[in-house]
Amino acid sequence: MNFFEKMTADCKAWEAAKKAGNKTEFPYSSGELKAYWVFRNHTENLNGEFEMNDFCFDSERHDFIETLRKLGITEFTVTNSSTALMSDLYGYASEGCTMQGLHEITKKDENETVQGILFKTN
C-alpha cells in the first residue's frame with residue numbers, strides 16, 4: 001500500500017469511527033491533509049499536474065511539503081491569489097523548494113486555464 005492509499009484508508013476509518021460515535025483524533029495534520037487533496041485532485045481536475053490553490057499557514061507548511069515528497073510529487077503549481085501569497089512563496093523556499101517561474105495549467109473537467117507559479121519540491 002502506497003502512502004496515498006494509506007492516507008485514504010486512514011481517513012475512511014476515521015470517518016467510520018466518527019459516524020459510529022467514537023471520539024478519535026484525526027490521523028493527519030492540516031498540512032498533510034492539504035497535500036493529500038493536492039494529490040487527489042490532480043487526477044480528477046488536471047492534466048497530470050499538481051495544483052495548490054489553497055494557502056498554507058506557517059504551522060502547516062513543513063508537513064505539507066514533506067507529505068508532497070512522500071507522495072512522490074516533485075513539482076506543484078501555486079495558484080492561490082490570497083493577500084498572504086508572498087508569505088507562502090517564501091515559506092516554500094524555506095522548506096527547500098525552488099521556484100521555477102510562471103506556469104499555466106489547464107483543468108480537464110472545467111476546460112479552464114489557471115495562472116500560477118511552479119515549484120520543485122527538491
Side-chain angles (χ1 to χ4, degrees):
M1 178 182 299
N2 66 35
F3 188 72
F4 176 72
E5 291 167 336
K6 181 181 178 336
M7 286 183 81
T8 300
D10 289 347
C11 289
K12 285 181 180 179
W14 177 81
E15 283 184 20
K18 184 179 169 187
K19 284 181 184 176
N22 299 333
K23 293 190 180 218
T24 59
E25 189 172 319
F26 190 73
Y28 294 99
S29 71
S30 56
E32 289 172 309
L33 194 57
K34 285 182 179 184
Y36 170 88
W37 284 108
V38 166
F39 188 90
R40 184 171 180 207
N41 290 337
H42 100 276
T43 56
E44 297 171 7
N45 300 324
L46 302 174
N47 292 325
E49 298 193 58
F50 297 96
E51 177 188 10
M52 176 50 164
N53 62 0
D54 198 358
F55 173 79
C56 271
F57 291 97
D58 291 343
S59 61
E60 300 171 327
R61 200 170 294 110
H62 178 76
D63 287 351
F64 173 73
I65 296 299
E66 286 302 308
T67 304
L68 290 181
R69 290 176 177 141
K70 287 177 186 174
L71 290 168
I73 298 172
T74 59
E75 58 185 30
F76 64 100
T77 300
V78 176
T79 60
N80 177 293
S81 60
S82 71
T83 55
L85 179 60
M86 276 301 142
S87 175
D88 234 8
L89 299 179
Y90 276 85
Y92 294 140
S94 73
E95 289 295 328
C97 297
T98 307
M99 185 170 55
Q100 301 298 297
L102 300 178
H103 185 70
E104 289 185 347
I105 54 178
T106 302
K107 296 184 178 188
K108 281 194 282 193
D109 296 341
E110 301 166 19
N111 200 19
E112 170 190 10
T113 300
V114 183
Q115 296 176 331
I117 301 168
L118 181 67
F119 275 87
K120 286 208 177 280
T121 57
N122 300 326

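Worth knowing before you read on, the calculation uses all heavy atoms, side chains too, and leaves out hydrogens, waters and symmetry mates. Nothing fancy with the numbering, it's 1 onward along the sequence.
Ion pairing of R69 with E66 is present here, as a side-chain N (NZ or NE/NH1/NH2) and a carboxylate O approach within less than 4.0 Å. Using a cut-off of 4.0 Å between Lys/Arg side-chain N and Asp/Glu carboxylate O, R61 and D88 are scored as salt-bridged.
Y92 and Y90 have their aromatic ring centers separated by at least 6.0 angstrom.
Using modelled atom types, one finds a donor on one side chain and an acceptor on the other under 3.5 Å when comparing E95 with H62. Side chain to side chain, N80 and S82 meet the donor-acceptor criterion of an N or O pair below 3.5 Å. Under 3.5 Å, the side chains of E75 and H103 contain no donor-acceptor pair of N or O atoms.
Here the closest non-hydrogen pair linking L71 and A35 is CD1-O, 3.9 Å. Of all heavy-atom pairs spanning M7 and Y28, the tightest one is CA-OH, 3.4 Å. Nearest approach of D63 to S29, heavy atoms of both residues: OD2-OG, 2.7 Å.
Not counting sequence neighbours, E104 has no partner by the side chain to side chain donor-acceptor pair (under 3.5 Å) test.
The aromatic rings of F76 and F64 sit perpendicular, their planes meeting at an angle over 60°, well past the 30° parallel limit.
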Side chain to side chain contact (heavy atoms under 4.5 Å, CB included) assessment of K34 paired with E60: CA-CA 9 Å; K34 285 182 179 184; E60 300 171 327; 2.7 Å; yes
Full working for side chain to side chain donor-acceptor pair (under 3.5 Å) between N53 and T79: CA-CA 5 Å; N53 62 0; T79 60; 5.2 Å; no
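Proximity of a side-chain donor or acceptor of T121 to a complementary backbone N or O of I73 within less than 3.5 Å is detected.
Under a cut-off of 6.0 angstrom, the local environment of CD in Q100 is crowded, with over 12 non-hydrogen atoms contributed by other residues, nucleotides or ligands.
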